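Comments concern the structure below.
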Amino acid sequence: PVFAGMNGSAIENFSCVIYNISLMNCTWQAGRDAPRDTQYFLYWQNSRYDNMMECEFYIKDENGRNMGCRFQNVRIEAEKAYFLVNGSSRDSLIQFYEEYIQLYKIEKLMPPSNITVNCDEIKSDCIIQWQRPQISHSNKDKCFKYEIDIK
């Protein structure tokens, strides 16, 4: 596709992570050849049934340039979310960046909770129990694999 705007002005290294069940951070870097006064704006659509929304809480660098976004109350839908970052500058047109992301793939899982260890010295065995991590979009226990590292 042919994008209007100066080559090298679109953002780079866009990445997002979901944590604490419903929080999401996205970050990016300014385009290598973007004019110094370029300001970027992020818009996203969680599913095709949602409206396109602008970031509510920008993460800014020391020059006040938007370099990321914090999201709250994010729902993980079955389909891909759409992200668009465009920019504006007095000097030139800025290319936009777009990406579709399956949100469950960028979720950083919470640790298991309510971990208990009961050891029996006579039988010399231990029973370790826990509850699976809380995630927003599934309650299937079979999705999880665990590894226990005993030192």
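This structure is a prediction, so every number in the text was calculated from the model and none was measured.
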How about Ser92 and Ser9: do any of their side-chain heavy atoms sit closer than 4.5 Å? no
Are side-chain heavy atoms of Val74 and Leu103 found at a separation under 4.5 Å? yes
Nearest 0.5 Å, please: how far is [atom2] in [Y] from [atom1] in [X]?
| X | Y | atom1 | atom2 | answer |
| --- | --- | --- | --- | --- |
| Glu107 | Ser22 | CD | OG | 9.5 Å |
| Ile101 | Asn46 | CD1 | CG | 11.0 Å |
| Met6 | Asp33 | CE | CG | 5.5 Å |
| Ile18 | Ile76 | CD1 | CD1 | 4.0 Å |
| Ile21 | Leu109 | CD1 | CG | 10.0 Å |
| Ile11 | Ile94 | CD1 | CD1 | 12.0 Å |

Least distance between heavy atoms, [X] atom then [Y] atom:
| X | Y | result |
| --- | --- | --- |
| Pro133 | Tyr146 | CD-OH, 3.7 Å |
| Met67 | Ala30 | CE-N, 3.2 Å |
| Lys108 | Val17 | CB-CG2, 4.0 Å |
| Asn7 | Gln95 | OD1-NE2, 3.1 Å |
| Ile59 | Cys69 | CD1-N, 3.7 Å |
| Phe96 | Ala10 | O-CB, 4.0 Å |

For the backbone of [Y] and the side chain of [X], can you confirm whether one donor and one acceptor N or O come within less than 3.5 Å of each other?
| X | Y | result |
| --- | --- | --- |
| Glu56 | Gln72 | no |
| Arg65 | Thr38 | yes |
| Gln102 | Ala78 | yes |
| Ser124 | Glu121 | no |
| Asp120 | Lys123 | yes |
| Trp28 | Val85 | no |

According to a 4.5 Å side-chain heavy-atom criterion applied to Ile, Leu, Val, Met, Phe, Trp and Tyr, with indirect links allowed, do [X] and [Y] form part of one hydrophobic cluster?
| X | Y | result |
| --- | --- | --- |
| Ile106 | Tyr19 | no |
| Met24 | Phe14 | yes |
| Met110 | Ile148 | no |
| Met53 | Phe41 | yes |

With sequence neighbours excluded, residues passing side-chain hydrogen bond (donor to acceptor under 3.5 Å, both in side chains) with Asn13: Gln29
Around atom CD1 of Ile127, are there more than 12 heavy atoms from other residues, nucleotides or ligands closer than 6.0 Å? no
Should we say atom CD of Glu79 is surrounded by more than 12 heavy atoms from elsewhere, each under 6.0 Å from it? yes
For [X] and [Y], test the side chains for any donor-to-acceptor distance below 3.5 angstrom and give the result as yes or no.
| X | Y | answer |
| --- | --- | --- |
| Asp37 | Ser89 | yes |
| Asn51 | Gln45 | no |
| Asn114 | Gln131 | yes |
| Tyr97 | Glu99 | yes |

Output every pair passing ring pair (Phe, Tyr, Trp, His ring centres under 6.0 Å) with a member in residues 42-64, not counting sequence neighbours, ordered by first then second residue. Trp44-Phe71, Trp44-Phe83
Taking it one step at a time, do Lys151 and Asp149 satisfy salt bridge (charged side-chain N to carboxylate O under 4.0 Å, His left out)? CA-CA 6 Å; Lys151 293 189 168 64; Asp149 186 5; 3.0 Å; yes
Start with the C-alpha gap between Cys16 and Asn25, add the side-chain angles, then the distance that decides, and say whether side-chain contact (heavy atoms from CB on, under 4.5 Å) holds. CA-CA 5 Å; Cys16 300; Asn25 269 14; over 6 Å; no
Go through Tyr82 and Arg48 one step at a time and tell me if the side-chain contact (heavy atoms from CB on, under 4.5 Å) criterion holds. CA-CA 9 Å; Tyr82 173 70; Arg48 78 189 89 161; over 6 Å; no
Residues Glu77 and Arg75 bridged, charged N to O under 4.0 Å: yes
